[in-house]
Chemist: 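Dropping a structure here in structure tokens format, bear with me for questions.
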Amino acid sequence: MMLRGYRAGDLELLSGTWLSGELLGLPLPNWPVLAEPATVGPPSDETSELCVAPGTGFVRYCDVDWVHRRARLEIGVRREAVDSAELLISAAVAYGFRTLSLRRVYGWVTPATHPPPYLCERAGLQREATIPSAVWFDGRPVPREIWAAVRRD
Amino acid sequence: MSFVTLRHFTLDDIAARTGLLRETRFQANLTDFAVSTADDALLANQRRTIAEEHHVKQIFTLCGPNDETVGFAWITTIDWRSQSCELSFGVLPKFRGGFGITAVRAALHYLRSELNMQVIINQVLDHNTMLQSAESLAAASRVRCEFDSYTVGQWRTAMFWTDTEDDARIQDLKVAQRRRDLAERIRAKANQAS
Amino acid sequence: MTSTVLRAPASRPATGAPAWSARACSDSDYDDVLAFFSEPDFFFRTAEPDTRSEWEIRKLVGADTRLLLADDEPAGLYALEGFGGEHGCHYQLHLRLRAAAPNAWWHSAFEEIVRALTWKKELVRLAVQVGEFDGRGLAFARSLGLTEEGTLASVVRHGGQRYGYVFFARIWALTS
Amino acid sequence: MTDLERLDPPAAAAALRATPDGARGFLGVDPVTQNDMAIAGELTRLGAHVFRRGQALLGFVPNSEQPRQATVATTSADPDLMTEFLTFLGSYQRCTSYVAMVPSGSAAESTFNGCGFHRTGTLRGHRYQTGQYQDVHVYFATVGDLCRS
């Protein structure tokens, strides 16, 4: 899957009905009609890097730390492109390691959103930690997991 | 060879570094822009570097054994993604001759073990043999740029080379080997004496 | 001093060369500029052009870059960056044409840029740095007969590998 | 817990730098690789609050996705001091749970174990320091887990 640099014309890819900050930003069912969609700001400085897969979604590396060679990864997938989510997350990890030459890519996964379990594993991510009541979701605090891929070199 | 440590450059260090930037030997060797730059501009530049430019430029103060300032080091052309940067430094006049090599080694060690840099770019103007003889400079340099700059009345040729990880390992091995040889000689002398 | 005195080129550009013109990049030019950077080898001040986002491209272009037009069609970018003190007359040239531009255009663009620069300013040293991964850039620099001053090894990553930058320059005889 | 002195970001940065080695990784900042202005900027960006109590520094960052939870840090190995700080957060921030990101092998591990936190995971090679990548352990406690000081 080809990732390319963000252009102003890609703005509408940056918002959708996924849980904000999530590693696997998949559109969630029964999003309250009056609830704001999650939105991600366009890239504007060195603290984050964002690339786009046209028609599918975006991959975003936030809290990029060049000393520790790590970044927190978020992806956002369009409703029509959910079946490309696996390609997008794998492309995101590969881009982080190969082009940004990061050593570690990690992110939040919220089990209460029922993400497909194999998606992260297939992209080389492993669960490292669980933090109870770490995010408010659908009326209550729910646990959040930290998944990560570490480059073997 | 005395011990040199690095700490971050602060507002209180600006006066000492400004003095160095204005010192003729320094200007001949690195750059003489300071001559034509007013005090407040030099002050403002260095303040901005401390406050806002961590991503593109960082300055460090080199301290001698009892923490007195012996000079400054700074990194520019920082490519965080490629883990490479250019290292420049200047030793204060009264400390020249004693601290050069140790200061470079302390700076290189810090860049690798704390800032996670892997490739360090060195630039020296060819007449500047403060640290290395002309021969070793010629041997180390990989790029030779004629008419690179005109400082204190002369055209200068700039020499560039990079220190990579394995250069560092080789360097460390050499230092370790010299220590072992030294220890060996001391032991041998001690055995003769006893 | 190994300088070759640059003869003023013929007044009419060599045959096959387009009519060159240039202007600062205005907002209306940015669609073309962004299109350039979507080409994977448009190495203009970056080793990873096609994944740079819009804000970063605007920063790379900055105020000193000019849009090059061939027969009024956007063809590439160039910038002349002063190095060291003004009295050193040392400039670094960043020149990039889009992939579709014929190789010959690089030559005539370079000649016109130098002619414009030396029209109003003394030039002593003009430097060009090309990544070892940039086949097209290396071919252009070598075909110009610039002096190859060496390679600064392993300083940049591209496509997961480490490469060096090759330094080229041309020196002008001191006239003043 | 009245003698907690609140430090604004510049003062916090200076205090962290003055702490002998206790401050590397405190709420994610590092006085060795960041100068005071960079630390103050980072603390502000995080929305962090830093306090001084005697020689010790204590800090917290509210979890914007779940404000009843805070990430906490300390430069002291004294668990009772941390327990007092968490009680303070309970009453002034209505915190009901706490998270700590503790570099593997650092003194703070015993502090958090000592006041009722338990480890819920390890971030592999999360930090680079003195030439090596080191793991960071994730510690967690609810207000109920805290030992009665």
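Per chain, numbering begins at 1; letters A, B, ... match sequence-line order.
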Chemist: Centroid-to-centroid, C:Phe44 to C:Phe36, below 6.0 Å?
Modeler: no
Chemist: Under 4.5 Å from any heavy atom of chain B, what part of C:Val155 do you find: side chain, backbone, both or neither?
Modeler: both
Chemist: Over 60° means perpendicular and under 30° means parallel, so tell me whether C:Phe42 and C:Phe37 are parallel, tilted or perpendicular.
Modeler: perpendicular
Chemist: Relative to chain B, which segment of C:Ala169 carries a heavy atom at a distance below 4.5 Å: side chain, backbone, both, or neither?
Modeler: neither
Chemist: Below 4.5 Å from any heavy atom of chain B, which atoms of C:Thr151 appear? Answer side chain, backbone, both or neither.
Modeler: backbone
Chemist: Heavy-atom distance under 4.5 Å to chain B: side chain of C:Glu86, backbone, both or neither?
Modeler: neither
Chemist: Report yes if the side chains of C:Leu80 and C:Leu126 come closer than 4.5 Å at any heavy-atom pair, otherwise no.
Modeler: yes
Chemist: Test B:Phe72 against B:Thr61 for side chain to side chain contact (heavy atoms under 4.5 Å, CB included), laying out the working first.
Modeler: CA-CA 5 Å; B:Phe72 301 95; B:Thr61 303; 3.7 Å; yes
Chemist: Using a cut-off of under 4.5 Å on heavy-atom pairs, state which of C:Glu148, C:Arg157, C:His87, C:Glu48 scores highest against chain B.
Modeler: C:Arg157
Chemist: Where on C:His90 is there a heavy atom nearer than 4.5 Å to chain B: the side chain, the backbone, both, or neither?
Modeler: side chain
Chemist: Does the ring center of C:Tyr78 lie less than 6.0 Å from the ring center of C:His94?
Modeler: no
Chemist: For chain C, which of B:Ile120, B:Asp79, B:Asp148 has the most heavy-atom pairs under 4.5 Å?
Modeler: B:Asp148
